[in-house]
Enquirer: 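Sharing a structure here in structure tokens format.
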Amino acid sequence: MQNPGIEKFIQKDLPFLETLNTNVILSIGGDTKSDYLNLIEKLNNSNAALFELNLSCPNVGKSGIPLGIDEIAIFDLVKETKKISKKPIFVKFGVETFLEDLVSAAVKGGADGVTLINSPKGMKIDIEKKTVILKRGFGGYSGPAIKPIALATIFRIRRKFKDLPIIGMGGVFDYTDAIEFIMAGANLVGIGAGVMADPEMPIKIINDLNKYFKKEKYEDILSCAVEGYYV
Amino acid sequence: MVNTIVQDIKTTENYILLTIKTEKEINIEPGQFVMLKLKQFDFGKPFSVIYQEGKIIKFLIAVVGKMTKEMKNLKIGDSLELRGPYGIPFIEKLHKNKKYVLLGGDCGSAPLIHFSEKYPELVREQIYGFVIPEIKKILNIKHLHIDIEEGINPLQKAENLNISNDDGFLVCGSLNFIKYTQKKFMDYKIFASLEARMGCGIGMCKGCPIKTNDGIKMICKDGPIFDLSEVDLEW
């Protein structure tokens, strides 16, 4: 995502984030391995809880394959970032055909967990004006429409990696969505587009989940994810 | 998110004049916008206000898409959700030592009418242009210009106004309307309220970019009011 860059972030946004009584995840993205290493060095002494490497951008690695779908590049990047990082490293993936292999490469490199899923690409065309709606033609397609894709992706990865911490996201708009994500195998649930639709949505979801768990046992839905009705 | 109740709704084929009452009072400066959302939609849409006092807010809405088509069916007493206000208002961008010609194209007239009510001392002239007289069925205001009745468009009318070189323009309407204004009045200071499809209204989704002399900005967060000498409308 376009942003003011690391120096302005450290100066303006990080001090505010560090005042919050919650776990802050710093999601970083770059064009090359040295970009990622540079960002981690600069942010290593913040009080963030963990780093997320966003690999889902269409940047091309050495082999000419986009970084996010190149097993060797992923393994190498995670290994190198783990060497210098003072915090756990999560890797964020999009929806890829051989995602199990990519996650496997990240895990072998030392990844502490994965975030699933980044937005798939989508576009909209105005047939009257005969033009595309977005400046670059296409962009990240998010919100409730991608929820089934996110759930299936988490499910796939959870089935193969029983103990891997997963942050699940993609179309969470209410507490029932969050429960579905936990049941599919997510350990943490993220909200993206939902916050854009309503910045107060996370508070509502947490309150609704607290009500839900007064009636239901957390262990019951967790065991559904870990032991699985589906294996 | 503030809940609101429909107090009044007037519709024509292509326009809605919607009056709502918010559950708590919010202050909306002319040029700012709010996100309105119907319950059956996941995302809200941005709307400028034409009038606000206390808990009462009025919107002039062009029926152009799925949500505005649904809005035509709102009844008195129905509720809709409101977020905001967002964006930087006219008064924080313009030069207060100037007087301004307010030039509205279609429903783009709304924030300018709002401005004229709040800051009459900054207004030199006003033209609110609509192509056909349909709008008169629901909007009864001074300075309404109907193209087919007058035989000229609002910009041609503006050319004949008695304005000084120190005056500026505040313009809101379609992108073409704004571009045309810029071309015709290139020697004047022009501030435009730019329209865009917006996902969030708060700068997160990056869905409303505009190229400026200071890099890419978001219309929702850094605008919607821009000094036209600072933006590239052809980008």
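Just so it is clear: chains get the letters A, B, ... in the order the sequence lines come, proteins before strands, and each one is counted from 1.
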Enquirer: B/M1 and A/A197: which non-hydrogen atoms are nearest, and at how many Å?
Expert: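 That closest heavy-atom pairing would be CE-O, 4.2 Å.
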Enquirer: Do other residues, nucleotides or ligands put more than 12 heavy atoms under 6.0 Å from B/N73 CG?
Expert: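 More than 12 heavy atoms, drawn from other residues, nucleotides or ligands, come within 6.0 Å of this atom.
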Enquirer: Counting only heavy atoms not in B/K179 (residues, nucleotides, ligands), do more than 12 fall under 6.0 Å from its NZ?
Expert: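 For B/K179, atom NZ is crowded (more than 12 foreign heavy atoms under 6.0 Å).
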Enquirer: Could you give the distance from NZ (B/K206) to CG (A/L134), rounded to the nearest 0.5 Å?
Expert: 14.5 Å
Enquirer: Looking at B/I202 and A/V195, what are the two nearest heavy atoms and their distance?
Expert: CD1-O, 4.5 Å
Enquirer: Decide if atom NZ of B/K45 counts as having more than 12 heavy atoms of other residues, nucleotides or ligands within a radius under 6.0 Å.
Expert: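 Not more than 12 within 6.0 Å, no.
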Enquirer: Between A/D126 and B/R197, does a side-chain contact (heavy atoms from CB on, under 4.5 Å) hold up when you go through it step by step?
Expert: CA-CA 12 Å; A/D126 184 330; B/R197 288 168 193 272; 4.0 Å; yes
Enquirer: So does B/K39 have more than 12 non-hydrogen atoms from other groups sitting under 6.0 Å from NZ?
Expert: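 Above 12, so yes.
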Enquirer: State the CE-CE distance between A/M196 and B/M198, to the nearest 0.5 angstrom.
Expert: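 The distance works out to 14.5 Å.
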Enquirer: Take atom CD of B/Q40 as the centre, draw a 6.0 Å sphere, and report whether it contains more than 12 heavy atoms from other residues, nucleotides or ligands.
Expert: yes
